[in-house]
J.: 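Following this message is one structure expressed as structure tokens.
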Amino acid sequence: MDTPTSSFSFNPSSPDYTRDPQPTYAWLRDHAPVYHWRERDTVLVSGAKQLRELFTDERLSLDIRNWAHYGGDELFGQPRFAAWRRVNEAGVFFLPAKDHARVRKLASAGLTPRAVKRMDATIEATIAEILARMSEGREILDVAEYAEAIPLTVICDIVGVPEGDRQAFRQFGMTVIRAVQPTQDMELLNSYADAYTEGVAMLERVIEERRAMTDRPDDMLTDWIEANEDNERLSNDELVSLTAALIIAGSDTTVHGTCYAVYNLLQHPEALAELRADRSLLRGAVEESLRYDFFGKSGVMRYALEDFEWEGVSIRKGQMVMGLIGAAGHDPQVHEDPERFDIHRAHHMDLTFGLGRHFCLGANLARSELTHAVEKLLLDEYPQAELAGEPVLDYDNPLMRAMKQLPVRLGPKSEAAQ
Amino acid sequence: MSLRIEIDHEACEANGVCEELAPALLRLDDQDTLHLRVAQVPTEHEAQARAAVQACPRQALRIVEDAERPDSKP
């Protein structure tokens, strides 16, 4: 929408923005790294320095109940929504600071790089199995479909969901993912509430069964159940909420991260050739794809706890503040020549997984999944894979620059894999 | 002036970024506990120390500057 003073408009649902949001981000960074988006009365944060501030400023909360336009109280007051509400209230996104710190301390022990390394072989085998099943007899693989199958299956494995409950767990997972998108549709909301009720009951049973085992498997759920610091433990509600958080924060993100990593590497054959010669570059390549072509569309939300001035913008209590991770990733103040895809970059100053108190709890798990998803497909099994067409984008997804389809011509299997 | 690093063990989640950036100053043990290798940061490692503090994903480190002499400028 043009105005007499400026031709700039922020429209995250437009196809152009979905395809390539970087021109919009460049305008924002250059003109106002903290910008008041009048149309939605939301503050947009695009500079890397400012995004670091957003993540660490105590006046900005992640709890949506601080939003002036939050309408959930009435909804979650209904008995039908009790299970869903319990998951929210015991969860890492809603807990008050003191409980949050305790839950983080206990839960993070199961997700450190060292802890994830121990699950690495399981994650790799799961992904190999998914790829084998999906590529069997096919010339063209839809990488969107491959990526979609990975996180929920991996989460099932590391939570130790028994075979008989896996279908129900997947169903619950799909609901949890869908329920993240805001909607006014009461029928839909009721169906989510019912799915939460069933899903929570199932997870409570899985946790009880695990508690009762004398010889518990060496995985994340066992770590969480046994986690104990100064006699503090995780409650059943907290365990259920953590599992839900794994799904909410770790499914869609991993799916789209995988699609974009595969896409960007196939677009940069010279980088892919380097990876094939030296696999130690793989982790950097995955991080670079997350920086170069971030899959998120609308960013991370915070809600102001008080009025304050920030870079010339008046922030009001209850206002929504949106951090644009993809914009910060191309900030030339931090990233040299940001428009270049370079798998040799250092990524210590990236903000892909956030920073500070709410730094992504599952970052190391996500890295393992993304790395293996790329490695299995493009290095181990199909070293001659190439794009079989442009990705088909889902312009209706409000949160992600989601690929509905990413067709890849597999080519011959590697000799080592045969 | 002399510099030292302070670890907030409540916040540390053993991501190991600091150890990667400043191996001479910090060490993560096999129980995921972070240790300081030196009480004070040697001058030649000051840049490393600052990089590690800045990059910590949990912002669990900070630099403390101790005045060695009362008359020394900050």
Side-chain angles (χ1 to χ4, degrees), chain A residues 48-49 51-58 92 97-118 223 227-230 232 280 283-284 287 325 333-334 345-368, chain B residues 1-67 72-74:
Chain A
K49 172 176 161 279
L51 189 60
R52 283 181 80 89
E53 289 167 9
L54 173 146
F55 284 126
T56 50
D57 194 319
E58 301 287 316
V92 279
K98 191 171 158 286
D99 289 324
H100 178 258
R102 173 182 54 85
V103 168
R104 282 285 305 215
K105 192 76 201 165
L106 293 167
S108 65
L111 287 163
T112 66
R114 189 180 63 88
V116 169
K117 207 168 197 172
R118 186 194 46 175
D223 278 351
N228 181 352
E229 267 210 24
D230 306 327
E232 298 274 21
S280 71
R283 185 180 149 187
E287 299 278 343
I325 289 173
Q333 306 273 1
V334 176
R345 281 177 201 273
H347 290 280
H348 300 115
M349 294 303 284
D350 287 16
L351 296 168
T352 302
F353 293 100
L355 186 77
R357 181 185 288 177
H358 291 283
F359 176 76
C360 177
L361 194 50
N364 300 306
L365 179 60
R367 288 179 178 127
S368 167
Chain B
M1 291 302 285
S2 69
L3 294 190
R4 59 192 172 86
I5 297 176
E6 220 172 65
I7 304 170
D8 176 353
H9 286 284
E10 284 303 303
C12 174
E13 288 182 351
N15 283 292
V17 176
C18 61
E19 189 187 38
E20 221 175 284
L21 289 173
L25 308 177
L26 293 137
R27 179 179 67 88
L28 202 55
D29 71 18
D30 58 7
Q31 295 299 308
D32 276 342
T33 303
L34 185 64
H35 304 274
L36 293 173
R37 283 185 186 276
V38 287
Q40 292 196 328
V41 177
T43 319
E44 70 269 28
H45 289 138
E46 278 185 18
Q48 263 192 27
R50 292 190 193 280
V53 168
Q54 240 203 337
C56 172
R58 291 280 291 162
Q59 300 288 283
L61 301 175
R62 70 189 190 106
I63 298 252
V64 182
E65 304 195 8
D66 298 315
S72 69
K73 289 193 178 122

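By convention in this document, chain letters (A, B, ...) are assigned in the order of the sequence lines, proteins followed by strands, and residues within each chain are numbered from 1.
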J.: Let's test your reading of the structure: which of A/His358, A/Arg102, A/Met349 forms the most heavy-atom pairs below 4.5 Å with chain B?
T.: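 Of the options given, most contacts go to A/Met349.
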J.: With side chain to side chain contact (heavy atoms under 4.5 Å, CB included) as the criterion, how do A/His100 and A/Val92 come out once you've worked through the C-alpha distance, each side chain's angles and the decisive distance to 0.1 Å?
T.: CA-CA 6 Å; A/His100 178 258; A/Val92 279; 4.2 Å; yes
J.: Please identify, among B/Ala51, B/Ala14, B/Gly16, the residue contributing the most non-hydrogen atom pairs under 4.5 Å to chain A.
T.: B/Ala14
J.: Is A/Leu111 close to chain B through its backbone or its side chain, or both, or neither, when contacts mean heavy atoms under 4.5 Å?
T.: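 Neither the backbone nor the side chain of A/Leu111 comes within 4.5 Å of chain B.
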J.: Salt bridge (charged side-chain N to carboxylate O under 4.0 Å, His left out), that's the test. Do A/Arg357 and A/Glu58 meet it? Break it down for me.
T.: CA-CA 10 Å; A/Arg357 181 185 288 177; A/Glu58 301 287 316; 3.0 Å; yes
J.: Compare every heavy atom of B/Ala24 with every heavy atom of B/His45, then report the nearest pair and how far apart it is.
T.: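 Shortest heavy-atom contact: CE1-CB, 3.6 Å.
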J.: Got a salt bridge between B/Glu65 and B/Arg50, using NZ or NE/NH1/NH2 to carboxylate O under 4.0 Å?
T.: yes
J.: Any side-chain heavy atom of B/Arg58 sitting closer than 4.5 Å to one from A/Arg104?
T.: yes
J.: Relative to chain A, which segment of B/Leu28 carries a heavy atom at a distance below 4.5 Å: side chain, backbone, both, or neither?
T.: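 Answer is neither: B/Leu28 stays 4.5 Å or more from chain A.
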J.: With a 4.5 angstrom heavy-atom cut-off, which part of B/Gln54 approaches chain A: side chain, backbone, both or neither?
T.: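 Backbone plus side chain of B/Gln54, per the 4.5 Å heavy-atom cut-off to chain A.
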